[in-house]
Each structure stands twice: as structure tokens, then as C-alpha cells.
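Remember, it's 1-based here, ligands and their atoms both numbered in the order they're listed. Sequence positions, counted from 1, serve as the residue numbers for this chain.
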Amino acid sequence: MLRRPAVSWALLGPLLWGCTLALQGGMLYPRESPSRERKELNGLWSFRADFSDNRHQGFEQQWYRRPLRESGPTLDMPVPSSFNDVGQDGQLRTFVGWVWYEREAALPRRWTQDPGTRVVLRIGSAHYYAIVWVNGVHVSEHEGGHLPFEADISKLVQTGPLSSCRITIAINNTLTPHTLPPGSILYKSDTSKYPKGYFIQDTHFDFFNYAGLHRSVLLYTTPAAYIDDITVTTGVEEDTGLVNYQIFVQGSEHFQLEVQLLDGEGRVVAQGTRSRDQLVVPSAHLWWPYLMHEHPAYLYSLEVRMTASTAAGDVSDFYTLPVGIRTVDVTESQFLINGKPFYFHGVNKHEDSDIRGKGFDWPLLMKDFNLLRWLGANAFRTSHYPYAEEVMQLCDRYGIVVIDECPGVGITLPQSYGNVSLQHHLEVMEELVRRDKNHPAVVMWSVANEPTSNLEPAGYYFKTVIAHTKALDPTRPVTYVTNSNYAADMGAAYVDVLCVNSYYSWYHDYGHLEVIQLQLESQFENWHQTYQKPIIQSEYGAEAIAGLHQDPPLMFSEEYQRSLLQQYHLALDKKRKEYVVGELIWNFADFMTNQTPQRAVGNKKGIFTRQRQPKTAAFLLRDRYWKLANETRYHRSVVKSVFGKEPV
Ligand code: GCB
């Protein structure tokens, strides 16, 4: 409800099967450099939820035209954070509709007075639909809560003697059958049971629909002629690394480039001057996953210097991109990184924590990465939406391999397979590939989680989304994650790797741990015989309420969670020697969901609590992951570098 109409189907034609991005412009992560400055607008913003009956009062009264405090009472709201759990107001926690954020930003004089400076407003994530005004002027709109968007506001801040600007962002968290993830508004019209006009947001996914400004809002500058985008792909021939780059410049057609690739010690190992070229790196250090090599996650730096002639004179722009040289390949039974079989032993995560909801938080992020490395996890899936860019950067730096998933979760309604939804899904894949294409840690795209893939339109729908994703990025395999029956799955024929979720002895055969091995082995055999593709057990797990003990094991106890995992591991150990290429536990940590009789204050399938304390299963998994690493390529020195001492 209350959203702008979606883009029409007529626009889809040119996008389909296209080899280049249809999106305008790049989305390079804003980094400081001699030619670029950045200013984070994190902290307290003014905030108001529009509780009016039609949720439209803010637009009717044009709240963006004047400071928000002048149109009514405001709250202080931290950014980044979800707004839901910060206050004491239950109505705000479950609010559906438009909320309004506003803050003033002080601007350095040079930004407002130098027409050679381009000033950009960047919003890391606004969930779900956002409209942005600067000084009351509309500058941008964006659909989708997990990917960044920008507006060039130079003209606005350079007209007059300004020393600050007022940024207003209206955000609507309503989900419809055509959003990603989809949802629907259910109107409850029986006035004997519900007040007049009563409605609720219905969704088919298992996490709380947190909303707000979840990631940093920032201003950054570039020169008027600037490096707009860089695409890097890499290859390896014997011990030579190949770095293919393409650089896109905006603001001038007359420019020169100096491109240098530097190794970890800052030595130049290759250079170029063209917009598109291949750099050759003899005796290259490859980017290896954590625990697969003595020196995992080796990163080079691609330094790009662009000099352009503009009406205002010559300008230079500098941008440095971390580059990892590695290859990814898939066979009928293997997932290969740098030509070596890779076994995913890791987790599924959520962006979720107490109070912040889905708000970005550095201490939480570092704690999570320290836990991942403690666990011996070498991979995770960004279930069920793209994570913050800083997360992806840490994965590059620590060698944690990523299956990068779009927000295609809970696609179950027939209307969600129509043209409007498909068009949006293709655009989201474009935005995701544009943002994450240069991360060596990203080894596969996931276009959806557990769609109802046995419906007829699902075949066409996923064939289209997968083909489009492959055209956008021919260097990485594509998957979607299914829980359906192998025989009825309409999309599995198009994926490169089968990602299968199952919950034996949890959602079926409750309490009967003894059936797991047989059921899991049958599942693997059936899928592999039908499709001859490698398989990842992309979810499995059981709820455990931390501190609840029952022996013999009963459901919801720590012992049951541990025993269920052990049964899975017995079957996984048989099949990983054949064609199973990974196992990802559901879930890394407990997380918040909607209220239902099935969930006791959220989903408790974490091996860590929501506060990141280990349950018994975490120690079991830790033993297993280090053993798996040992069997593949375990290096004592890696352990030493993480824990400061030799392994015992
Ligand atoms: C699933 C979903 C995940 C749920 C999980 C569960 O299959 O992919 O989002 O949270 O099961 O715990 O039910």
C-alpha cells in the first residue's frame, strides 16, 4: 500500500539477456583519496512516524518543505539502526507505512563554493522504499532495502551562500506481492473483531521486517570529472595472475588514465594506461579462502589515477580498489577455487541484533568475524538479502567465502511471479552485481531462497533471472536455494550448484533423530541423480533455547540441537567425498521473527545466542570445522595467526 506504482513491463525488453548493466552509473564504495572526501551523517536524526489513517499526512502537509519539528513532535532516532526496537512504544515497533527522518548537515566551504567539486549524497540502506529531499527539493527515490543509492546534490548546495543542508528521507516499509521480499497487506474488515480500517502486514519469510536507515548515510565528493566505475575480473595461468579491468569515467570525454597494480608491500607489479586492459602478474599471490592456504586472502591494490580536461581546467581523480586474484569453477561434483576443490563449512547469517535490529554496528560485526574464525568457518551465505558493504570488505580481508543472496525470499504468491515482480527482481540483481562484483570473497550469486518453485511460472521466472545474472557476471556460478522436492522443482535445471535446505526431525518426524541419516542420504542421491550438479546443504538445524537441557535429548534443548547436527554430519561425511560440496548451519545466531506460536521471542536455531554466546552445538561445530579444514588444507601457521599460538 501507499507505494509508487512499479515500473511497467514494457521496460523489461531491453534488459532481458543483455550483457551490460542497464543501470546508469557505478556504485563504487566511497573511499577517501587525495581527490575525494567523505562525511558520515551518522548519529541522531529527527524522526516521526506518520500514524494518520491513510499514512499520507506527511505528503499532504509537505513535511519535507520545512524543518520536521515545525510540522509536529519528533523523536530522536539513531542512524544507523532500525527504528523498531529503540523505543518503548509497541505501536512503533510494528508500524507499517511512512516514517520520516531528517537532519541538517554542515558543509565545508569548498564543497559549496567550488563548482569543480561534485557533492554526492549516499544512502547505504533504507528499508524498504525511500524518497529523499535536500532543502525541500526532491533528489532521489529508491526501491529495495538492502542496496545503496545516491543523488548528485552539487547544484543544490552550490546555489547561494549555504553552510549546511537539510536532508529529509521518507521511508515506507510496506511489502506488496511485487516487492523483494514480497508481502501483502491484509485488511481485517469484520468490525465485530477489528477496529475500522484495521490491517496487518503479512509476509512469508521468517525474520522480522525491521525498517529504517540501516546503514550509513554519507556525503562524499569527487571532482566534476571522475572515475565512475571499475570492473575487475581475474584469471590464473600456471603461476601468472591475470587482472582484467575496465574503467568508466564521467564528466569528460578527454581524459588520461594511469593504472597501477600494487602488491601487499606496496610494490608496483603491473601497470596500464587504457580504459580496458589486462594486467599480467608473474608469480602471482592468489586469493585463497581462510584455512585453505598459509597466506589466505591476499589482496593487491588497483590504484587508478584519472586526469581530465574540463571547462574549469584540468582535474585529477584517484581511486584505489582492493583486488584478489582467484578463479571459481564448477564441475558435476566439485566447486573449485583456484582449481582446487573447495568445501564450504560455514554458516547462514542474518543482520540482526538486540535494539539495533538490522542497523550496522562495528563492534557487532567484529565480534561476528572473530566468532567465525574461532569456529573455523570458511564461508557464509548472506541469507536472505545483501549485507552491508563493510561486511563484504571484511570477507575479502579474512578470506571468508560468500554466497551473495538477493532479497528474493518468501516468493510464494502467484502474483509474485508476474512481469512486474520479474522486472524488479532483474533490477535488484543488477544493483547487487554492480555493488559486489569486485569482491573476491563473493564466489556465487543466489537469486532466491525457497520460492514455491513447483508452480508453473517459476520455471520461466527463474530461467530469466538466472540467465540475466549470468549475463551480468559470466565469471561466477548462480544458484537459488530450494527446499522443494527434486522432481517437482521448476528452477533447478538452470542453476549451477544445487543449494538444498532441509529440516529432518524438526519440521517432520519431530523428535525422531534416528531417521535423519536415511532421509538425508536419499535427498542427496535423488537431487544428484536428477541434475548431476554439486550440492550444498544450504540449511539444516534445530531450535535450542540457551540453557535448556534435556538428556535424553528433547526438542528445543541444547542436547537435541547438538544430536541433530551429529546425525546430519554422519550423512554429510559420506556424501562430501562424492558430490556434496558444502554445509551451512542454520543459523549462526538466534534472530528476531514475527510473533507466532512457533517462535519463542524469535528463531532459536542459532549456535550462538542473539548476544553471541555459544550454545553446546557451537563447540561441536567448531571441532568439526577445524577437522574438515585439517583434512583439506589446514595450516598450523593460520591457526597461529588467528589465535596467537600453535594448535594443540
Ligand atoms: C528455512 C528458511 C529460513 C528459516 C528456517 C527456519 O527454510 O530459509 O529463513 O528461518 O527455515 O528456521 O524455519
Quiz item: Numbering the atoms of ligand 1 from 1, which are under 4.0 Å from a heavy atom of Asn603?
Solution: 6 (C), 10 (O), 12 (O)
Practice problem: Consider every N or O of Arg599 and every N or O of ligand 1, then say whether any pair is closer than 3.5 Å. | Solution: yes
Self-check item: Pairing of Arg576 and Asp573 as salt bridge, 4.0 angstrom limit
Solution: yes
Quiz item: Non-hydrogen atoms of Phe591 versus ligand 1: any pair closer than 4.0 Å?
Solution: yes
Exercise. Please find out if less than 6.0 Å separates the ring center of Phe369 from that of Trp374.
Key: no
Exercise. Would you check the N or O atoms of Tyr507, main chain and side chain alike, for any that come under 3.5 Å of an N or O of ligand 1?
Key: yes
Practice problem: Report, in ascending order of atom number, the atoms of ligand 1 lying under 4.0 Å from any heavy atom of His384. | Solution: 3 (C), 8 (O), 9 (O)
Quiz item: Does Phe462 have its ring centroid less than 6.0 Å away from the ring centroid of Tyr480?
Solution: yes
Quiz item: Which protein non-hydrogen atom lies closest to atom 1 (C) of ligand 1, naming both residue and atom, and how far is it?
Solution: Glu539 OE1, 2.9 Å
Quiz item: Among all protein non-hydrogen atoms, which one is nearest to atom 10 (O) of ligand 1, and what is the separation to 0.1 Å?
Solution: Asp206 OD2, 2.5 Å
Practice problem: State if Gln598 counts as touching ligand 1 under the rule of any non-hydrogen atom under 4.0 Å. | Solution: no
Quiz item: Under 4.5 Å between any side-chain heavy atoms of Leu413 and His204, yes or no?
Solution: yes
Self-check item: Proximity of Phe588 and Phe608 rings by center, below 6.0 Å
Solution: yes
Quiz item: Measuring from the heavy atoms of Tyr503, does anything fall under 4.0 Å of ligand 1?
Solution: yes
Quiz prompt | ligand 1-proximal atoms of Glu543, by part, heavy-atom distance under 4.0 Å | solution = neither
Quiz item: Taking the six-membered ring for Trp, are the ring centroids of Trp527 and Tyr531 within less than 6.0 Å of each other?
Solution: yes
Quiz prompt | Per-atom contacts, ligand 1 versus Lys605 - under 4.0 Å to a heavy atom | solution = 6 (C), 12 (O), 13 (O)
Quiz item: Hey, what's the ring geometry for Tyr290 with Trp626, parallel, tilted or perpendicular (30° and 60° as the breaks)?
Solution: perpendicular
Quiz item: Given side chains that start at C-beta, do those of Asn84 and Met592 come closer than 4.5 Å, heavy atoms only?
Solution: no
Exercise. Looking only at protein heavy atoms, identify the closest one to atom 7 (O) of ligand 1 and say how far it is in Å.
Key: Glu450 OE2, 2.4 Å
Quiz item: Which bit of Trp586 is near ligand 1, meaning a heavy atom under 4.0 Å away: side chain, backbone, both or neither?
Solution: side chain
Quiz prompt | Salt bridge Lys615-Glu543, side-chain N to carboxylate O under 4.0 Å | solution = no
Exercise. For ligand 1, indicate whether the residue Asn449 contacts it via side chain, backbone, both or neither (heavy-atom separation under 4.0 Å).
Key: side chain
